[in-house]
Structure formats: structure tokens, C-alpha cells
Amino acid sequence: MIIGAGPAGSATALRLAQRGVEDVTIVDLHPFPRHKTCGSGLSPRAIHTLEQLGVWPSVEPISYPISGLRLVTPGGHETYLSAGDKAQAAICLRHDLDYEMHKHALERGVTFVPGFAASEAIVRNNRWVGVRARDGAEIRADWIVVANGAHSRFSTCDGPKHTIHTIMGWWEHVGYQAHTLEMIWDPLTLPYYGWLFPETSTRVNIGITYEDGTERKNPRDLFAAFLHKHYAARLCGATQIGKWKGHPIVYTYRTGPLSSPGRVIVGEAGRMTHPATGEGISQAMRSGMFAADAIAEITSGAASERQALGRYDRRCANSFMPSFWAGGLFRSVLRTPLLDCLVRAKNMPVVKAATARMLAHM
Ligand SMILES: Cc1cc2nc3c(=O)[nH]c(=O)nc-3n(C[C@H](O)[C@H](O)[C@H](O)COP(=O)(O)OP(=O)(O)OC[C@H]3O[C@@H](n4cnc5c(N)ncnc54)[C@H](O)[C@@H]3O)c2cc1C
């Protein structure tokens, strides 16, 4: 049983089906397709993971290719980094990305139960054996994968939980350079940033990420100030679609433990998002694949539960921790003039290439 049909849950379901594990049920609060508040940016690693899952051929045609980055530093210097004609990243509206992954999982025999609000574990002899929904419905399972995102109350993680706040909106007809996303490190949001991600040739999403240890900042005021400072001219004549939306992103510098008897945690429920950029889609899908591999090993008898889940913890740590620590370092760099100096030296091709490489691999 998998709780949550976001990228983590659907990647787990798909990989389980690909590995020949039968009787997989995925539940979600919502019927699909459903909206998810997200910048919808797919990094090169996320695209590679979608390729591994066999989903990229159906996601690529509904994505907007990205080959360039407009970067604005805390000191107000700006530069454009380009990957040439070759798209390195993509934007795919989460409504569509999650639905594609979901359809692929269902096509492979996974059962979907919408409207299931998982609320408590059914535990026997210290082992998770099922989950009860808010309306009293129950599902029993040999394995329960927790993939219900940032608000999860089922996590086993014992490290400190950090929160990045966000607020964003969608607009039609905002001018922008084609195939280029924008990241603006403004003093208003430091050590986080604001962004503009083009979703189609006419529609963009714009948002900010910020920290608020005191919980005193007003997200709408902060976002309005950011928009006024950076996008006032370009938003004249644009049409806003829907309302501004906010959602937390949770992260950690130390994953795990990510399992207990009968239970495995994947994706943002395990706080596996990038501490500097808030990227979480690729980690969600990859941790889902790793968890499915572990469950497939146990069910096939290739490994004991202890071995397979120990390996799962290590795979997540080895895959994500180096980039999370690099993200922590990058946040510290933002408090120094280094990024400004790099961008001021932008005419030096070697500096440009190094900055692009650093951002792509962070
Ligand atoms: C504003 C914003 C912008 C972002 N931009 C990007 C970006 O551009 N690129 C990127 O890579 N990442 C981005 N992220 C992070 C990314 O959205 C998440 O890290 C990612 O969605 C995590 O995937 P997940 O599958 O773990 O969880 P989710 O995508 O959150 O999916 C969880 C699923 O569980 C379901 N669920 C929740 N509770 C229950 C319950 N009790 N019972 C049953 N089902 C339940 C939900 O309905 C949902 O479908 C952004 C996040 C925010 C908030």
C-alpha cells in the first residue's frame, strides 16, 4: 500500500510493477488529475529519472523545454547562462506530470483508491500492518510506503525538520526570454530566492521561497513587494490565473531513519528536498524507486528485511546528502559577496561555465 500519489508514491508504484511485485494499491486524498502548488521545474536529474521510469516519452511533449537561466544576485547584478540549443531542464505543470505518472502506474496493474485520507496506522506487534482513513475505512498490507509529502505525520525521521515557506501565482502574457527560467536572489528573500518559470509559450508561474523562523512575515506582503520590485513592468497587461497559493517545503541535512517494521518513508515525507533550491521532485521519484527496489528484494527473498531497508537508507543518504550539504554551503555563500563577484566577472567564459555547472549539479 502506498499513501500519496505524488511523484514519490507513483514512482514507487511504477517501479514495484516493473519489478514484478503484484497487488499494489495507492491511495490519495484526491481523485486524479489534481492540482499541486509547485514551480513544476524538472532538473536534468529529474528528467533522467523519468527516462528510467519510462515516463519521459509521454511527459516531454507536454513540457516546456528550458535551455537558459537568468540569474540575479543579492547585489542586483544579473547574467544569462545558456546551455545553447540543447534543453537541459523542463517545466511540466504538476497537474499533468503527476497524472502521467499515475496513468502509467495504473496501466501496469496498480489499484488506485481516491478520497482515502490516511489518518492512523494499524499496528500489530510493533509492525505496521495497515492504515485507517479518517472515515474509518481500512486497508491492510504487508508493506506500507509513506509518500504523503510535506505535511506527513507518519515520518520516522528523527533529525531536525526545517521549513522553507513559499507563495506563488500564475500569469498569462508576461514577457520573458523563450526557454529561459529566472532565479532572483533578492535581500527580501535571502538566503532563498524568487523565480519565474515559463510553463508554456504564454503562461508563467512566479513565486518566492523564504525562511521565517519567527513566523511573523506576511507572505502576501512579501510577495507583493517582490513582484513590485522585479516584475511590475512586465505584469502590466498580464492576466493572473487563479489565486496566489502557498505551501511549505520541508528539508533536512540528515535523512533517516527511513523505515520501521512494515513501513518505508519516501519523498518529501522523508524531508528529501534540496535545502537551497527547494527541489524535491527528483528526490521524491528516486527515493520511491529505491524503496521499491528494497521491497522487491524482500518479497523475492533476495534479501532480508533488515538488509534491504538498511541498503535503502544508505542509498538515499549517498544519493542526496552530498548535494544537500552543497546546498547548505551555497546558502552560506549567498551571505557573502561571492555570487556578486562571480556574476560581475561574467564575461569570463570560464566563470560562466563554472557557475552553470555549479547550479546544475547542486
Ligand atoms: C511552491 C513550491 C514550488 C516548488 N517548486 C519545485 C520545482 O520547481 N521543482 C522541484 O523539483 N520541486 C519543487 N517543489 C518541491 C516539490 O513540490 C515536492 O518536493 C514534491 O512534490 C514532493 O513529492 P512527494 O511525492 O514526496 O509529495 P507530494 O507531491 O506532496 O505528494 C503527496 C501526495 O499525498 C497526498 N496526501 C497527503 N496527505 C495524505 C493523506 N493523509 N492520505 C492520503 N493521501 C495524502 C496528497 O494529496 C499528494 O497527492 C516545490 C514546492 C513548493 C511548495
Side-chain angles (χ1 to χ4, degrees), residues 1-13 25-47 49-50 64 66 89-95 97-99 101-102 112-121 131-135 137 139 144-155 163-170 181 183 192-199 205-210 219 223 244-251 265-275 277-288 291 320:
M1 174 191 185
I2 301 163
I3 309 170
S10 286
T12 311
T25 295
I26 188 162
V27 304
D28 202 284
L29 294 171
H30 306 289
F32 271 59
R34 57 97 177 87
H35 167 83
K36 161 80 176 93
T37 302
C38 185
S40 303
L42 297 174
S43 65
R45 265 184 302 235
I47 292 175
T49 309
L50 287 165
Y64 185 81
I66 298 295
I91 312 294
C92 181
L93 195 62
R94 285 293 298 277
H95 175 279
L97 171 74
D98 292 17
Y99 192 38
M101 295 188 68
H102 182 73
F112 178 52
V113 181
F116 189 100
S119 80
E120 65 175 311
V131 175
R132 193 170 293 117
R134 219 174 287 146
D135 63 4
I139 295 180
I144 293 138
V145 177
V146 173
N148 63 334
H151 292 296
S152 182
R153 289 185 295 111
F154 302 131
S155 183
T163 301
I164 307 171
H165 298 269
T166 70
I167 180 165
M168 64 181 295
W170 288 261
L181 51 83
M183 293 175 89
Y192 289 100
Y193 62 93
W195 76 84
L196 177 148
F197 286 2
E199 292 177 353
N205 68 63
I206 304 178
I208 53 169
T209 46
Y210 63 97
F223 191 32
W244 293 354
K245 298 211 161 140
H247 197 276
I249 299 176
V250 296
Y251 70 93
I265 316 294
V266 296
E268 200 169 339
R271 306 171 192 172
M272 289 180 268
T273 61
H274 195 276
T277 62
E279 179 192 1
I281 299 172
S282 98
Q283 296 90 339
M285 294 188 296
R286 285 160 73 208
S287 60
F320 308 136

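Keep in mind that what you see is a predicted model, and the values were worked out from it rather than measured. Counting convention: from 1, in listed order, for ligands and their atoms alike.
Ligand 1 has no N or O atom lying under 3.5 Å from any N or O atom of M168, backbone or side chain. Checking only distances, A117 never comes within under 3.5 Å of ligand 1, N or O to N or O. Ligand 1 has an N or O atom lying under 3.5 Å from an N or O atom of G280, backbone or side chain. Close N/O approach between S282 and ligand 1 is not found [any backbone or side-chain N/O within under 3.5 Å]. The distance criterion of under 3.5 Å between nitrogen or oxygen atoms is not met by I3 with respect to ligand 1.
From the protein, the heavy atom lying nearest to atom 15 (C) of ligand 1 is G278 O, 3.4 Å. Taking atom 31 (O) of ligand 1 as the reference point, the nearest protein heavy-atom neighbour is G6 CA, 3.5 Å. Of all protein heavy atoms, the one closest to atom 41 (N) of ligand 1 is A118 O, 3.0 Å. The protein heavy-atom contact nearest to atom 36 (N) of ligand 1 is N148 CB, 3.7 Å. In this structure, the protein non-hydrogen atom closest to atom 8 (O) of ligand 1 is G41 N, 2.8 Å. Closest protein heavy atom to atom 3 (C) of ligand 1: G39 N, 3.1 Å. Looking only at protein heavy atoms, the nearest one to atom 6 (C) of ligand 1 is C38 SG, 3.4 Å. Nearest protein heavy-atom contact of atom 25 (O) of ligand 1 is A8 N, 2.9 Å.
One N or O on the side chain of T273 and one on the backbone of V250 form a donor-acceptor pair closer than 3.5 Å. When atom types are taken as modelled, the side chain of S287 and the backbone of A284 share a donor-acceptor pair closer than 3.5 angstrom. Here the side chain of T49 pairs a donor or acceptor atom with the backbone of R45 at under 3.5 angstrom. A donor-acceptor pair under 3.5 Å is absent between the side-chain atoms of T166 and the main chain of T209, judged by distance alone. Counting only distance, with no hydrogens or angles, the side chain of Y193 and the backbone of T277 share a donor-acceptor pair below 3.5 Å. Remark: side-chain polar atoms of T163 are not paired, donor with acceptor, to backbone N or O of P248 under 3.5 angstrom.
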For V145 and I3, what are the C-alpha separation, side-chain angles and deciding distance, and is it a side-chain contact (heavy atoms from CB on, under 4.5 Å)? CA-CA 6 Å; V145 177; I3 309 170; over 6 Å; no

Full working for side-chain contact (heavy atoms from CB on, under 4.5 Å) between I164 and Y192: CA-CA 8 Å; I164 307 171; Y192 289 100; 3.5 Å; yes

Check the pair D98, K36 against salt bridge (Lys or Arg N to Asp or Glu O under 4.0 Å), reporting the backbone distance first and the verdict last. CA-CA 9 Å; D98 292 17; K36 161 80 176 93; over 6 Å; no

Carefully, step by step, assess L29 and F116 under the rule side-chain contact (heavy atoms from CB on, under 4.5 Å). CA-CA 5 Å; L29 294 171; F116 189 100; over 6 Å; no

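Contact between S40 and ligand 1 is present, with at least one heavy atom of the residue lying under 4.0 Å from the ligand. Within the 4.0 Å heavy-atom shell around ligand 1 one does not find G207. At least one heavy atom of R94 sits closer than 4.0 Å to an atom of ligand 1.
The closest non-hydrogen atom to atom 1 (C) of ligand 1, taken over I249, V266, T166, comes from T166.
Contacts with ligand 1 closer than 4.0 Å are made by heavy atoms of both the backbone and the side chain of L29. Contacts of D28 with ligand 1, taken as heavy-atom pairs under 4.0 Å, involve both backbone and side chain. If you look at K36 next to ligand 1, the close heavy atoms, those under 4.0 Å, all belong to the side chain. Of the heavy atoms in A284, only side-chain atoms (C-beta onward) come closer than 4.0 Å to ligand 1. By the criterion of a heavy-atom distance under 4.0 Å, the backbone of A147, and not its side chain, is placed next to ligand 1. At a heavy-atom distance under 4.0 Å, only side-chain atoms of F197, from C-beta outward, approach ligand 1. Contacts with ligand 1 closer than 4.0 Å are made by side-chain heavy atoms of H30 only, the backbone lying farther away. Only side-chain heavy atoms of R34 come within less than 4.0 Å of ligand 1; its backbone N, CA, C and O stay farther off. Both the backbone and the side chain of H247 come within 4.0 Å of ligand 1, judged by heavy-atom distances. Both the backbone and the side chain of I281 come within 4.0 Å of ligand 1, counting heavy atoms alone.
Ring centroid separation for the pair H95 and W170 does not come in under the 6.0 Å cut-off.
For the pair E120 and R153, the minimum side-chain heavy-atom distance is 4.5 Å or more. Counting heavy atoms from C-beta outward, H35 and H30 have side chains that stay 4.5 Å or more apart. Residues W195 and M168 have side chains in contact (heavy-atom distance under 4.5 Å, counting atoms from C-beta outward).
Using bins of under 30°, 30° to 60° and over 60° for the plane-to-plane angle, the ring pair H102/Y99 lands in the parallel bin.
Closest approach of T12 to G288, counting heavy atoms only: OG1-CA, 3.2 Å.
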